[in-house]
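Beneath this line is the structure, given in structure tokens, with notes to follow.
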Amino acid sequence: MPKIAIIGGTGIYNPDKFELQEEVFPDTPYGKPSDPILIGKINGVEVAFLYRHGKQHQHPPSAVPYRANMWALKELGCKYVISACAVGSLQEDYAPGDLVIADQFIDFTKRRDYTYFDDRTVHISIPDPFCPHLNSIFEGVAKDMGIRYHMGGTYLCIEGPRFSTRAESNMFRHFADIIGMTVVPECQLARELGMCYCSLATITDYDMWKDEPVDIAMVERTMAECLDRVLNLLEIGLPKVKDSCRECVQAAKGCGAL
């Protein structure tokens with residue numbers, strides 16, 4: 001059973017580096033996940049890969065079945081969740097092409113399913129939402145690779161699927177470093193399930209606060225240029241993930257989570 005899950009887009013799944021063993025498409029109490037989950041090996045490490053938006057990109061950020069996705073991965077035995085995503089930059093020194101290993105988030109979403117506790121009140125404690133163990137591993141790999149990266153950064157999550165207005169973007173700059181549409185509620189659902197969560201965010205643009213407004217073509221072009229680097233980061237980093245992190249699990253248990 002895979003202990004590591006990777007959630008990402010079409011480019012992150014590379015059949016040349018992914019030794020596919022089987023596909024599963026389980027039912028969960030929250031419906032089906034976004035797409036069949038691909039189980040196989042990357043660099044000898046067994047992983048479960050899930051297209052966050054579906055292989056055909058059929059689920060916009062506001063309609064991704066987040067609870068089904070995370071539940072299905074947990075039921076498969078996954079303990080670690082690595083999210084590969086594209087984000088915009090809210091700061092001059094966080095440049096397109098840079099990697100950001102996020103350590104905080106601000107939730108600016110509006111209409112998502114945020115918890116598994118619909119039948120009782122559970123106040124989950126999540127002051128440090130991202131796994132320090134996973135973050136440290138990928139920081140070391142990024143450093144060894146000699147790529148531009150930022151260890152730590154606040155990810156501001158908006159509802160989407162539209163991009164920010166210029167006024168919103170300038171407001172967000174006062175509070176966060178990067179902006180995206182998917183880390184919430186993925187990260188907090190992982191904590192409720194006692195799974196470690198890491199976001200490997202590739203900056204593709206400067207959001208809307210600079211002279212050039214962002215569009216999907218810009219995002220896809222920059223992400224494609226950085227794809228090999230992200231794949232190498234995973235290939236080198238995955239064998240370093242060991243069963244040595246208990247912080248996220250203990251934090252989840254401490255607040256009465258699942």
Side-chain angles (χ1 to χ4, degrees), residues 5 7-9 30 34 50 52-53 59-71 73-74 81-91 94 100-118 120-132 134-135 150 152-209 214 219 247-248 251-252 254-258:
I7 304 178
Y30 309 96
S34 295
L50 176 61
R52 175 184 287 113
H53 299 287
H59 302 291
S62 56
V64 170
Y66 294 103
R67 290 197 294 181
N69 286 351
M70 303 308 287
W71 189 275
L73 293 172
K74 176 70 174 182
V81 179
I82 300 166
S83 164
C85 61
V87 296
S89 170
L90 296 172
Q91 305 301 331
Y94 282 62
V100 181
I101 305 171
D103 64 351
Q104 288 291 323
F105 71 73
I106 296 174
D107 179 13
F108 224 78
T109 64
K110 302 171 182 176
R111 50 185 291 264
R112 304 187 182 189
D113 294 319
Y114 299 97
T115 182
Y116 291 109
F117 296 102
D118 292 327
R120 63 191 188 277
T121 301
V122 174
H123 298 291
I124 183 169
S125 179
I126 189 169
D128 299 298
F130 298 92
C131 176
L134 292 178
N135 279 8
H150 304 266
T154 297
Y155 181 128
L156 193 143
C157 191
I158 60 174
E159 185 66 30
R162 71 168 175 86
F163 294 117
S164 309
T165 66
R166 199 179 305 277
E168 288 171 335
S169 189
N170 278 295
M171 177 184 72
F172 295 150
R173 293 192 67 208
H174 293 284
F175 305 104
D177 302 300
I178 54 177
I179 183 168
M181 302 178 186
T182 58
V183 81
V184 177
E186 243 177 38
C187 186
Q188 64 198 57
L189 292 174
R191 179 59 58 87
E192 286 193 354
L193 293 171
M195 294 192 292
C196 299
Y197 186 94
C198 172
S199 178
L200 303 178
T202 298
I203 297 175
T204 58
D205 55 83
Y206 276 115
D207 200 48
M208 295 296 174
W209 60 275
V214 62
V219 172
E247 295 179 47
C248 301
C255 63
L258 297 170

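To the nearest 0.5 Å, the span separating CZ on Arg191 from CZ on Phe130 amounts to 10.0 Å. Distance OG1/Thr165 to CZ/Phe172: 7.5 Å, rounded to 0.5 Å. Residue Met208 holds its CE atom at 15.0 Å from OH of Tyr206, rounded to the nearest 0.5 Å. Atom OG1 of Thr109 is separated from atom CE of Met181 by 12.0 Å, given to the nearest 0.5 angstrom. Going from atom SG of Cys198 over to atom CG of Asp103 covers 11.0 Å, rounded to the nearest 0.5 Å. Between the SG atom of Cys187 and the CD1 atom of Ile126 there is a distance of 5.0 Å, given to the nearest 0.5 Å.
If you run side-chain contact (heavy atoms from CB on, under 4.5 Å) between Leu200 and each of Ile101, Asn135, Leu134, only Ile101 comes through. Screening Val214, Leu156, Ile158, Asp207 for a side-chain contact (heavy atoms from CB on, under 4.5 Å) involving Ser169 leaves a single residue, Asp207.
Tyr155 contributes a side-chain N or O that, together with a main-chain N or O of Thr182, makes up a donor-acceptor pair within less than 3.5 Å. Glu192 contributes a side-chain N or O that, together with a main-chain N or O of Tyr116, makes up a donor-acceptor pair within less than 3.5 Å. Formation of a donor-acceptor pair under 3.5 Å by the Trp209 side chain with backbone atoms of Ser89 is found in this model. Judged purely by atom type and a 3.5 angstrom limit, Gln104 has no side-chain atom pairing as donor or acceptor with the backbone of Pro129.
By the 4.5 Å heavy-atom criterion applied to side chains, Tyr114 and Tyr66 are not counted as neighbours. Within the 4.5 Å cutoff, the side chain of Thr115 has no heavy atoms near those of the Ile124 side chain. Between Lys74 and Met195 the shortest side-chain heavy-atom distance falls below 4.5 Å. In this structure, Val87 and Ile203 have side chains that are in contact, with non-hydrogen atoms separated by less than 4.5 Å. The shortest distance between side-chain heavy atoms of Ser83 and Arg52 falls below 4.5 Å. Proximity of Ser62 to Arg162: side-chain heavy atoms (C-beta onward) are nowhere separated by under 4.5 Å. Contact annotation: the side chain of Phe105 approaches that of Gln188 to within less than 4.5 Å [non-hydrogen atoms, C-beta and beyond]. No side-chain heavy atom of Tyr30 sits under 4.5 Å from any side-chain heavy atom of Pro65.
Remark: Arg67 pairs with Asp113, Asp118 by the salt bridge (charged side-chain N to carboxylate O under 4.0 Å, His left out) rule, at least two apart or across chains.
Nearest heavy-atom pair across Ala201 and Ile178 is CB-CD1, 4.1 Å. Contact detail for Ser164 and Ile179: the closest heavy-atom pair is OG-CD1, 3.3 Å. Across all non-hydrogen atoms, the minimal contact from Ser34 to Val64 is OG-CG1, 3.8 Å. Summarising the geometry of Asp177 relative to Gly153, their closest heavy-atom pair is OD2-CA, 3.4 Å, with the distance given to 0.1 Å. Taking each heavy atom of Leu193 and Met70 in turn, the nearest pair found is CD1-O, 3.6 Å. Considering all non-hydrogen atoms of both residues, His59 and His53 come closest at O-ND1, 2.8 Å.
Glu186 and Tyr197 share a donor-acceptor pair across their side chains, judged by distance under 3.5 Å alone.
Between His150 and Tyr94, the ring planes lie parallel to each other; the angle is under 30°, not in the 30° to 60° tilted range.
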Assess the residue pair Leu50 and Asn69 against the criterion (side chain to side chain contact (heavy atoms under 4.5 Å, CB included)); give the C-alpha distance rounded to whole Å, side-chain angles, the decisive distance to 0.1 Å, and a yes or no.
CA-CA 8 Å; Leu50 176 61; Asn69 286 351; 3.4 Å; yes

